[in-house]
Amino acid sequence: MQFGPASRIVIIGQAPGSKVHESGVPWNDDSGRRLREWAGLSEAEFYDPAKIALVPMGFCYPGKGTAGDLPPRSECAPLWHEKVLGALKQVRLTLLVGSYAQARYLEAKQSMTDAVKGFAGHGSSIFPLPHPSWRSGIWMKRNPWFERDVLPALRGAVRKALGGSKK
């Protein structure tokens with residue numbers, strides 16, 4: 001987790017995977033690299049708490065399940081999100097990364113694919129995204145509109161939220 005009162009973008013993701021858990025650095029894995037690429041963010045921008053708040057749905061590695069990592073622990077978000085999000089005074093954009101974040105924060109309950117495809121219907125301050133794991137490559141091949149329509153809009157929203165700078 002990282003955040004500062006001046007963070008302009010909040011990225012709400014799942015829970016740290018085993019590599020992130022070991023390193024202690026959020027999104028310090030292939031998923032983080034892919035997310036930064038999708039958003040058009042440099043590593044320096046991504047890890048600058050004056051620009052980006054990184055808030056997971058679960059605050060610890062939940063362990064391995066039969067088909068990947070277990071879901072984020074259910075007590076973390078209700079216990080911490082309101083406190084963390086309440087400390088942020090400059091938020092202009094929230095990225096809801098993956099189905100767990102979308103289930104908690106989107107009013108309309110829908111599939112992750114429908115939420116991402118309908119990104120424009122969530123307003124200018126909310127942007128749902130798939131989780132950028134290796135599985136997203138398979139999902140992206142089935143949903144070519146994501147790269148064509150969603151990613152350019154995402155990059156534009158990110159730049160706007162950061163004040164148009166590319167520093």
Side-chain angles (χ1 to χ4, degrees), residues 1-17 20 25-29 31-59 71-133 136 139 143 145-147 149-167:
M1 176 170 54
Q2 93 177 10
F3 66 96
S7 298
R8 294 179 177 201
I9 298 173
V10 177
I11 298 174
I12 300 177
Q14 291 186 186
V20 168
V25 179
W27 294 100
N28 184 29
D29 57 10
S31 294
R33 181 192 49 72
R34 192 170 294 111
L35 179 58
R36 289 188 295 276
E37 181 181 296
W38 286 354
L41 289 165
S42 69
E43 196 167 335
E45 287 174 312
F46 190 82
Y47 288 112
D48 181 349
K51 294 180 180 180
I52 310 290
L54 303 173
V55 183
M57 291 298 294
F59 289 80
R73 291 180 54 150
S74 61
E75 69 271 20
C76 293
L79 182 62
W80 291 107
H81 279 206
E82 187 175 324
K83 293 171 186 156
V84 170
L85 297 176
L88 305 177
K89 306 299 181 205
Q90 302 292 323
V91 174
R92 298 177 180 175
L93 179 65
T94 299
L95 307 183
L96 299 175
V97 181
S99 59
Y100 297 108
Q102 291 166 24
R104 179 165 178 85
Y105 287 101
L106 293 181
E107 289 183 24
K109 301 303 176 203
Q110 55 192 304
S111 73
M112 186 273 303
T113 298
D114 288 341
V116 172
K117 191 169 191 173
F119 71 92
H122 299 290
S124 62
S125 64
I126 300 286
F127 214 110
L129 295 168
H131 188 278
S133 72
S136 65
W139 181 87
N143 299 285
W145 49 263
F146 179 71
E147 286 185 275
D149 302 334
V150 177
L151 291 184
L154 170 64
R155 291 178 187 128
V158 165
R159 286 295 131 216
K160 183 177 179 184
L162 292 177
S165 66
K166 181 65 178 153
K167 294 180 182 175

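Note that this is a predicted model, so its numbers are computed, not measured.
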Trainee: Rounded at 0.5 Å granularity, tell me how far CZ in R36 sits from OG in S31.
Mentor: 10.0 Å
Trainee: Looking at A101 and G13, what are the two nearest heavy atoms and their distance?
Mentor: CB-O, 4.5 Å
Trainee: Between Q102 (side chain) and L96 (backbone), is there a donor-acceptor pair under 3.5 Å?
Mentor: yes
Trainee: Return the orientation label for the W139 and F146 ring planes: parallel under 30°, perpendicular over 60°, tilted otherwise.
Mentor: perpendicular
Trainee: Of all the heavy-atom pairs spanning M57 and R104, show the shortest one and how long it is.
Mentor: CE-CD, 3.5 Å
Trainee: For the atom pair CD1 (I9) and CZ (R159), what is the distance rounded to the nearest 0.5 Å?
Mentor: 7.5 Å
Trainee: Atom CD of residue position E75 - does it have more than 12 heavy atoms of other residues, nucleotides or ligands inside 6.0 Å?
Mentor: yes
Trainee: Report yes or no: does K51 contribute a side-chain atom to a donor-acceptor pair with the main-chain N or O of R8 at less than 3.5 Å?
Mentor: no
Trainee: Give the minimum heavy-atom separation between L54 and P26, together with the two atoms involved.
Mentor: CD1-CB, 3.8 Å
Trainee: Indicate the atoms forming the closest heavy-atom contact of M1 with P56, along with that distance.
Mentor: CB-CD, 4.1 Å
Trainee: With rounding to the nearest 0.5 angstrom, report the CG to CH2 distance, L35 to W27.
Mentor: 5.0 Å
Trainee: For the residue pair V150 and V116, what are the closest heavy atoms and their distance?
Mentor: CG2-O, 4.0 Å
Trainee: Could you grab the distance from atom CE of M112 to atom OH of Y100, nearest 0.5 Å is fine?
Mentor: 11.5 Å
Trainee: Would you say that N28 contacts Y47 through its side chain, given a criterion of any heavy-atom pair below 4.5 Å between the two side chains?
Mentor: yes
Trainee: Would you find a donor on one side and an acceptor on the other, under 3.5 Å apart, between the side chain of R34 and the backbone of D29?
Mentor: no
Trainee: Quick one: do V158 and E45 satisfy side chain to side chain contact (heavy atoms under 4.5 Å, CB included)? Show the steps, please.
Mentor: CA-CA 11 Å; V158 165; E45 287 174 312; over 6 Å; no
Trainee: Tell me which donor-acceptor pairs under 3.5 Å the side chains of residues 87-95 have, and how far apart each pair is, sequence neighbours excluded?
Mentor:
from : atom 1 : to   : atom 2 : distance (Å)
K89  : NZ     : G86  : O      : 2.9
R92  : NH1    : A161 : O      : 3.2

Trainee: Roughly how far, to the nearest 0.5 Å, is the OG atom of S136 from the CG atom of N143?
Mentor: 11.0 Å
Trainee: With distance as the sole test, does Q2 use its side chain to make a donor-acceptor pair with the main-chain N or O of F46 at under 3.5 Å?
Mentor: yes
Trainee: Between the side chain of Q14 and the main-chain N/O of P72, is any donor-acceptor distance below 3.5 Å?
Mentor: no
Trainee: What pair of heavy atoms forms the shortest contact from C76 to G58, and how long is it?
Mentor: CB-CA, 3.8 Å
Trainee: Show me the donor-acceptor pairs, under 3.5 Å and distance only, between side chains in residues 117-132 and residues at least two apart or in other chains.
Mentor:
from : atom 1 : to   : atom 2 : distance (Å)
H122 : NE2    : A115 : O      : 3.2
H131 : ND1    : S133 : N      : 3.2

